[in-house]
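Okay, so here's the structure we're looking at.
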Amino acid sequence: PVVARPRPPQLPLSFAQRRLWFLHRFEGPSATYNVPMRLRLHTPPDTDALTTAIGDVVQRHESLRTVFTETDGTPTQHILPPETTHAPVEILHATTPEHLETLVTQTARYTFDLETEIPIRARLINTDDQHYTLILVVHHIAADGWSLVPLMRDLSHAYTARHNGHAPDWEPLTVQYADYTLWQHEILGSENNPDSLISQQFTYWKNELADLPEQTPLPLDRPRPHTASYHGDIHPLHIAPETRDAIEHLAHQHGVTPAMITQAALAVLLNKLGAGHDIPIGSPIAGRTDDALNNLIGFFVNTWILRVNLQPTDTFTDILTQVREKALAAYTNQDAPFEQLVELLNPTRTTAHHPLFQTSLAFQNN
């Protein structure tokens, strides 16, 4: 289990943090891995209470007051003392709706200096006396999608307390992200030890992903650039309630999850679009394998690969059975850090496309 541990003088990064630290050093400070949240407030907030509450949350979660230093090429976590750490909160006024959107975009695209700045900042923007917008931006090295739930829950609790004139009376956290980091290094062991957990999981993935296609050959409408731009777009798709009900019914029939059904459906779609029969699909996995981690703000998520092999004679039930078996095996071997898996498999390196897979499916159920 993850329990509070003595802190060594040099606190290492978790495997997930090392992944983002490398990208931060390789690309330089950028907004690529920002996690922005925008909240519309329909009544004027107590600005003093809100500012103090954000500070309360930063004091509660060590991950939000951690900076990252490097010595002789080795990065370490440096947790700042709660009593001297102040969350940057700005209160601004937007003169027009266009000005508001400009300020929101600027906030979401803020570039953190992870060596000197804590990985969170906030802006409260008002357009008139009754309309306020709160923007919270956290760097991904300190938070993942699951973290948004404890973040907003703790902020709401702290704001209510401060508005009522007292400090939040929440239950102390039993562990912090640093405890998870030390546990992760301890439990996985060394990849040089064939009996270690990480070696066993690497063996599974090496066999599962052997001779994986370098790219998924989809018919694109333009050539790939030599260097990925990270520019993207959002295309909303509405799934009718009756379709969702049918998916859940099918999942119950076959002992699978709705996520497995969507993964199988995506594999069929890619095959129909010309992607061939050997189709890798990436997916994030929460990585919170201990209940003690559920209330923490931190970066636990890892990436796993579903490799679906489609044959002309397969029925959808056949494909669903294959997806279920591979997904369950992947969950058992989910601790292997993705970036080390890339090192192990050693695909052709390029800045033009993502290694091992180029299509990802994230099933958000939070």
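More than 12 heavy atoms of other shown residues, nucleotides or ligands fall within 6.0 angstrom of atom CG in Asn346. Heavy-atom contacts from other residues, nucleotides or ligands closer than 6.0 Å to CZ of Arg153 number more than 12. The number of heavy-atom neighbours closer than 6.0 Å to CZ of Arg224, taken from other residues, nucleotides and ligands shown, is above 12. Heavy atoms from other residues, nucleotides or ligands lying under 6.0 Å from CZ of Arg349 number more than 12. Atom NE2 of His163 sits in a sparse spot, with 12 or fewer heavy atoms from other residues, nucleotides or ligands closer than 6.0 Å. The neighbour count for His252 NE2, taken as heavy atoms of other residues, nucleotides or ligands under 6.0 Å away, does not exceed 12.
In this view, His139 and Leu20, Tyr33, Asn34, Phe112, Leu114, Pro119, Ile141 satisfy the side-chain contact (heavy atoms from CB on, under 4.5 Å) rule, not counting sequence neighbours. With sequence neighbours excluded, the residues satisfying side-chain contact (heavy atoms from CB on, under 4.5 Å) with Phe22 are Phe26.
For the atom pair CZ of Phe68 and CG of Asp113, the computed distance is 12.0 Å after rounding to the nearest 0.5 Å. Annotation: the span from Arg19 atom CZ to Gln17 atom CD amounts to 10.5 Å, rounded to 0.5 Å. Interatomic distance, Gln201 CD to Thr203 OG1, rounded to the nearest 0.5 Å: 10.0 Å. Interatomic distance, CD of Gln253 versus OG1 of Thr317, reported as 8.5 Å (0.5 Å rounding). Note: Lys326 NZ to Tyr331 OH = 14.0 Å, rounded to the nearest 0.5 Å. To the nearest 0.5 angstrom, Leu124 atom CG is 6.5 Å from Leu41 atom CG.
Pro81 and Arg65 make their closest contact through C-NH1, 4.1 Å (heavy atoms, listed as atom of the first residue, atom of the second, distance). Nearest heavy atom pair, residue Arg324 against residue Gly255, reads NE-O, 2.8 Å.
Using a distance-only test at 3.5 Å, with no hydrogens or angles considered, no donor-acceptor pair links the side chain of Arg123 to the main chain of Leu92. Using a distance-only test at 3.5 Å, with no hydrogens or angles considered, a donor-acceptor pair links the side chain of His185 to the main chain of Leu13. Side-chain atoms of Gln358 come within 3.5 Å of backbone atoms of Thr216 as a donor-acceptor pair (strictly under, hydrogens ignored). Using modelled atom types, no side-chain atom of Thr174 and backbone atom of Val3 make a donor-acceptor pair closer than 3.5 Å. Put simply, the side chain of Gln322 gets close to the backbone of Asn309: a donor and an acceptor are under 3.5 Å apart. Using modelled atom types, one side-chain atom of Trp205 and one backbone atom of Asn333 make a donor-acceptor pair closer than 3.5 Å. Not a single donor-acceptor pair under 3.5 Å links the side chain of His131 to the backbone N or O of Thr127. Checked by atom type and distance alone, the side chain of Asp314 pairs as donor or acceptor with a backbone atom of Gln311 at under 3.5 Å. No donor-acceptor distance shorter than 3.5 angstrom exists from the side chain of Glu90 to the backbone of Ala122, with no hydrogens or angles considered. Between the side chain of Tyr177 and the backbone N or O of Phe299, at least one donor-acceptor pair lies under 3.5 Å.
The cationic group of Arg121 lies under 6.0 Å from the six-membered ring centre of Tyr110 and within 45° of the ring axis, placing it in a cation-pi geometry.
Linking ILVMFWY residues whenever their side-chain heavy atoms come closer than 4.5 Å, directly or via other members, leaves Leu269 and Ile239 in distinct clusters.
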For Glu115 and Arg25, what are the C-alpha separation, side-chain angles and deciding distance, and is it a side chain to side chain contact (heavy atoms under 4.5 Å, CB included)?
-> CA-CA 11 Å; Glu115 293 186 76; Arg25 299 290 288 176; 3.3 Å; yes

Between Tyr204 and Thr332, is a side chain to side chain contact (heavy atoms under 4.5 Å, CB included) present by the stated rule, with each step listed?
-> CA-CA 10 Å; Tyr204 167 79; Thr332 303; over 6 Å; no

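Between His140 and Val301, the closest side-chain pair of non-hydrogen atoms falls below 4.5 Å. At least one side-chain heavy atom of Val342 sits less than 4.5 Å from a side-chain heavy atom of Pro347.
Alongside Leu182, the hydrophobic cluster contains Leu11, Ile79 (criterion: ILVMFWY side chains under 4.5 Å).
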